[in-house]
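First up is the structure itself, then whatever we jot down about it.
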Amino acid sequence: MKIVVKIGGDLIKEDSINKSLIEDFKEYAKNKELIIVHGGGDRVTEIATKLGKEQKFVISPEGFKSRYTDKETVEIYTMVMAGEINKKIVRLLQSFGINAIGLSGFDGALLRAKRKERIVIIDEKGRKRAIDGGYTGKIISVNSGLILLLMEKGYVPVISPVAMGEAFEPLNVDGDRTAGAIAKSINANILIYLTDVKGILMNGEVIRKININDVEKLLEKIGPGMSTKVHAAIDAIKGGVEKAIITSGFIEKPITKAIKEEEGTVIYL
Ligand code: ADP
Ligand code: MG
């Protein structure tokens with residue numbers, strides 16, 4: 001079985017490490033089943049602010065929230081994502097005996113993306129407006145061979161959402177989308193989003209199981225952060241991934257419970 005796990009930024013802060021998540025990682029790593037993709041946008045914002053580079057966020061008409069990524073921002077983004085955060089996760093996993101290997105989308109041309117020339121946003125007055133896309137991209141190819149090669153040799157790839165554009169420029173790509181694109185490209189069985197809520201919430205309740213058609217209809221009621229995961233999950237399932245599970249990374253054995261469908265929201269074909 002191949003399992004792609006995307007971990008959200010909140011999960012990897014030093015003071016909130018879930019030991020049983022690490023045990024889960026260890027178990028699935030032992031069977032050569034695990035690939036990790038991480039986020040960390042909050043830390044990027046924190047460091048950028050310290051560097052005197054105020055971050056701007058934009059919301060698309062579909063409700064996606066994204067960082068407005070100019071040249072300076074993409075440099076900081078790369079430093080933090082592919083540097084500090086990625087290496088911190090690798091060290092953490094290594095300290096528990098997991099042979100993790102950190103990769104950005106540049107390494108081995110792992111993630112190639114097409115730069116977004118223009119993006120449509122909703123401005124302060126609620127009007128649609130097209131602005132320059134900056135250094136953000138949409139993944140167009142994944143070097144799946146490299147991932148599979150490493151897994152076969154017993155390494156756990158830990159991948160940061162930084163991609164290489166057509167002109168070899170660095171691009172900010174969404175972490176949730178990256179996990180979905182990777183899951184599709186390696187024909188993963190399961191895609192798991194570990195986040196800070198128990199699943200997709202609707203009127204205060206967690207949706208336990210839902211197919212892609214039904215969840216698509218709910219999308220307009222799902223807010224930023226969660227809607228990206230849902231879009232990426234639908235896309236991955238249409239691309240052959242058996243199921244996606246969105247669940248909290250703070251519970252006991254979150255991966256095992258997700259796979260057994262005991263926790264979180266299961267999205268299926
Ligand atoms: P991550 O770092 O895991 O990507 P995000 O903050 O980007 O975390 O996404 C998770 C967040 O999505 C939740 O904390 C919640 O605030 C938000 N969200 C918006 N709509 C919903 C919804 N319908 N159900 C659950 N969470 C939602
Ligand atoms: Mg997010």
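First listed ligand is number 1; within each ligand, the first listed atom is number 1.
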Evaluate side-chain contact (heavy atoms from CB on, under 4.5 Å) for Tyr268 paired with Glu242, printing each intermediate quantity in order. CA-CA 7 Å; Tyr268 63 101; Glu242 287 157 32; over 6 Å; no
Please tabulate, one line per pair, the protein nitrogen or oxygen atoms found under 3.5 angstrom from a nitrogen or oxygen of ligand 1, with distances to 0.1 Å, or say none if there are no such pairs.
unit_1: ligand 1; atom_1: 2 (O); unit_2: Gly9; atom_2: N; d: 3.4
unit_1: ligand 1; atom_1: 3 (O); unit_2: Thr195; atom_2: OG1; d: 2.6
unit_1: ligand 1; atom_1: 3 (O); unit_2: Lys229; atom_2: NZ; d: 3.3
unit_1: ligand 1; atom_1: 4 (O); unit_2: Lys6; atom_2: NZ; d: 3.1
unit_1: ligand 1; atom_1: 4 (O); unit_2: Lys229; atom_2: NZ; d: 2.5
unit_1: ligand 1; atom_1: 8 (O); unit_2: Thr195; atom_2: OG1; d: 3.4
unit_1: ligand 1; atom_1: 12 (O); unit_2: Met226; atom_2: N; d: 3.3
unit_1: ligand 1; atom_1: 14 (O); unit_2: Asp196; atom_2: OD1; d: 2.7
unit_1: ligand 1; atom_1: 14 (O); unit_2: Asp196; atom_2: OD2; d: 3.4
unit_1: ligand 1; atom_1: 20 (N); unit_2: Gly223; atom_2: N; d: 3.0
unit_1: ligand 1; atom_1: 23 (N); unit_2: Leu201; atom_2: O; d: 2.8
unit_1: ligand 1; atom_1: 24 (N); unit_2: Leu201; atom_2: N; d: 2.8

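A salt bridge does not link Asp174 with Lys6: every distance from a Lys NZ or Arg NE/NH1/NH2 to an Asp or Glu carboxylate oxygen is 4.0 Å or more. Ionic pairing of Arg43 and Glu46 is present here: one or more N-O contacts between side-chain nitrogen and carboxylate oxygen are shorter than 4.0 angstrom.
Checking side-chain atoms of Asn86 against main-chain N and O of Met81 turns up no donor-acceptor pair under 3.5 Å.
Cluster membership for Ile159 and Ile22, using ILVMFWY side-chain heavy atoms within less than 4.5 angstrom, is not shared. Ile3 and Val142 are assigned to two separate hydrophobic clusters, defined by single-linkage of ILVMFWY side chains at heavy-atom distances under 4.5 Å.
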